[in-house]
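Step one of this worksheet: look at the structure below.
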Amino acid sequence: MRRLVQRRGGMMAVGHALLLGVLGGLLFKLLALPLPWMLGPLVANLVASMAGARLKMPGQLRELCLGIMGLVLGGQVTTELVERLPSLSLSLLLLSVGVVVATYVVTLWYRRCGLETTTAFFSALPGGMAAMVVLGEKLGNDVRGIAMGQSLRVVLVLLVLPPLFWVLEGGVSMRAEDAGTPGWQDAWLLLLLAVVPLGHRLRLPAPALLLPLTLGAALSVGGIGSLQLPAWAMGAVLLVLGSSIGTRFSGTSVRELLAYGRYALVATLLTLSVLAVFAELIHRWLGVPRDIALLALAPGGMAEMAVLAVALDMDPLYVTFHHLFRLVALMLIAPFIALRIGRRQMD
């Protein structure tokens, strides 16, 4: 009986989150705000979570939508784009230097806010939220603080960048909103989502996105097929993903959210400012459009930034490749830096 009640409660929490997502999307659409079907659900669920609403988004549903986005992203890979990858060395170098500088600056900020050094370091790293929380936990850090700092950074980046691009474009509609993409000619590609559990077993970063992306890219380059979603389906996927981000804060008190939020807001603005300088260098030296360079270096999660790039039609492969490179580099290097910091504190 208790299990049945819990199941019903969980279904109601999911239903409320989706309903809020629809209402938030409609409101943003009516107000002609940018990326309404992602940002509207995000904001609606975030506000409701802060008000104490019990909301939930099943991890399987989020992974399904991420997998679909991965297939869409992989379908944009062509042989010309593959040939372009070796030329990205300079922009990857600038990304790496920018991440080092931004992490150093934000670690100092979090230390000034009273966080212990390694907790401040993991909170400051711009990307890979899940990986940074796991690594921080293994080293005995304040996992709650790291998770809150990383989650708020992702939310703030998603709330800042689309309106910024919208303003820079003169307030016109975002490109993806006007794109009436055809769809379902290659709907059989959705069967590839069955391999997502394999990505978890292989411990790939963001497996729900990365494995479908890789398979979709291979089929696209081979001329076998590529998934394109109609506008309504893309909107539904964005609604689920936006709602899932907002529901992360369900059960978090307003007091706690505001306490972390003050520090995270300054940290996010500092990170964005530093990385914007390096994005400008990429724009000037390599000719990459300024908005695409900024999105490629933006301190959001790889999955969220890939979704944003697809939704805004801003060279998704260029953006995703840079975020994947950063995520892998952080996962390889961060534990050694954190251990070194810990040893210095013990000496």
For this session: Verify the cluster assignment for I333 and V101: are they in a single hydrophobic cluster under the rule of side-chain heavy atoms below 4.5 Å apart?
Result: yes
Problem set entry | Value rounded to 0.5 Å, distance of CZ in R62 from CE in M57 | 11.0 Å
Problem set entry | L327 CG to T320 OG1 distance, which is reported to the nearest 0.5 Å | 12.0 Å
Exercise. Where do T271 and P299 come nearest, in terms of heavy atoms and distance?
Worked result: CG2-CB, 3.5 Å
Problem set entry | Result of checking L239, I245, L18 against P41 for side-chain contact (heavy atoms from CB on, under 4.5 Å) | L239
Problem set entry | Distance-minimising heavy-atom pair for G75 and S220 | O-OG, 3.1 Å
Exercise. Which is it for R248 and L46 under the side-chain contact (heavy atoms from CB on, under 4.5 Å) test, yes or no, and what are the steps along the way?
Worked result: CA-CA 8 Å; R248 285 180 189 172; L46 177 62; over 6 Å; no
Problem set entry | N/O donor-acceptor pair under 3.5 Å between W109 side chain and Y263 backbone | yes
For this session: For residues 88-99, pull every pair meeting side chain to side chain donor-acceptor pair (under 3.5 Å), keeping only residues two or more places apart or in separate chains.
Result: S91-H322
For this session: Rounded to the nearest 0.5 Å, what's the gap from CD on E116 to OG on S123? Could you check?
Result: 9.5 Å
For this session: Could you tell me whether E256 and R262 have a side-chain N and a carboxylate O separated by less than 4.0 Å?
Result: no
Exercise. Could you go step by step and tell me if F325 and L88 meet the side-chain contact (heavy atoms from CB on, under 4.5 Å) rule?
Worked result: CA-CA 11 Å; F325 174 84; L88 299 180; over 6 Å; no
Problem set entry | Pairs where residues 63-77 contributes a residue and the test side chain to side chain donor-acceptor pair (under 3.5 Å) is met, not counting sequence neighbours | E63-H200
Exercise. Can you tell me how far CG of L71 sits from CG of L191, rounded to the nearest 0.5 angstrom?
Worked result: 10.0 Å
For this session: Decide whether V72 and L219 are clustered together by the hydrophobic rule: side chain heavy atoms of Ile, Leu, Val, Met, Phe, Trp, Tyr closer than 4.5 Å, transitively.
Result: yes
Exercise. Got a second to check how far L317's CG is from L324's CG, nearest 0.5 Å?
Worked result: 11.5 Å
For this session: Is it possible for you to say whether V196 and V240 belong to one hydrophobic cluster, with membership spreading through side-chain heavy-atom contacts below 4.5 Å?
Result: no
Exercise. If you measure only the distance, is there a donor-acceptor pair under 3.5 Å linking the side chains of Q228 and S226?
Worked result: no
Exercise. Is I282 close to F278 at the side-chain level, that is, under 4.5 Å between some pair of heavy atoms?
Worked result: no
Seminar exercise, completed: Closest non-hydrogen atoms of V274 and G98, given as atom of the first, atom of the second and distance, are CG1-O, 3.9 Å
Exercise. Is V106 linked to V266 within one hydrophobic cluster, defined over Ile, Leu, Val, Met, Phe, Trp and Tyr using a side-chain heavy-atom separation of less than 4.5 Å?
Worked result: yes
Exercise. Any side-chain donor paired with an acceptor under 3.5 Å for T117 and R111?
Worked result: yes
For this session: Answer whether the closest heavy-atom distance between the side chains of L308 and L35 falls below 4.5 Å.
Result: yes
Problem set entry | Rounded distance (nearest 0.5 Å) linking atom CG of L213 with atom CZ of F321 | 11.5 Å
For this session: Determine whether I292 and V319 make a side-chain contact, defined as any pair of heavy atoms from C-beta on separated by less than 4.5 Å.
Result: yes
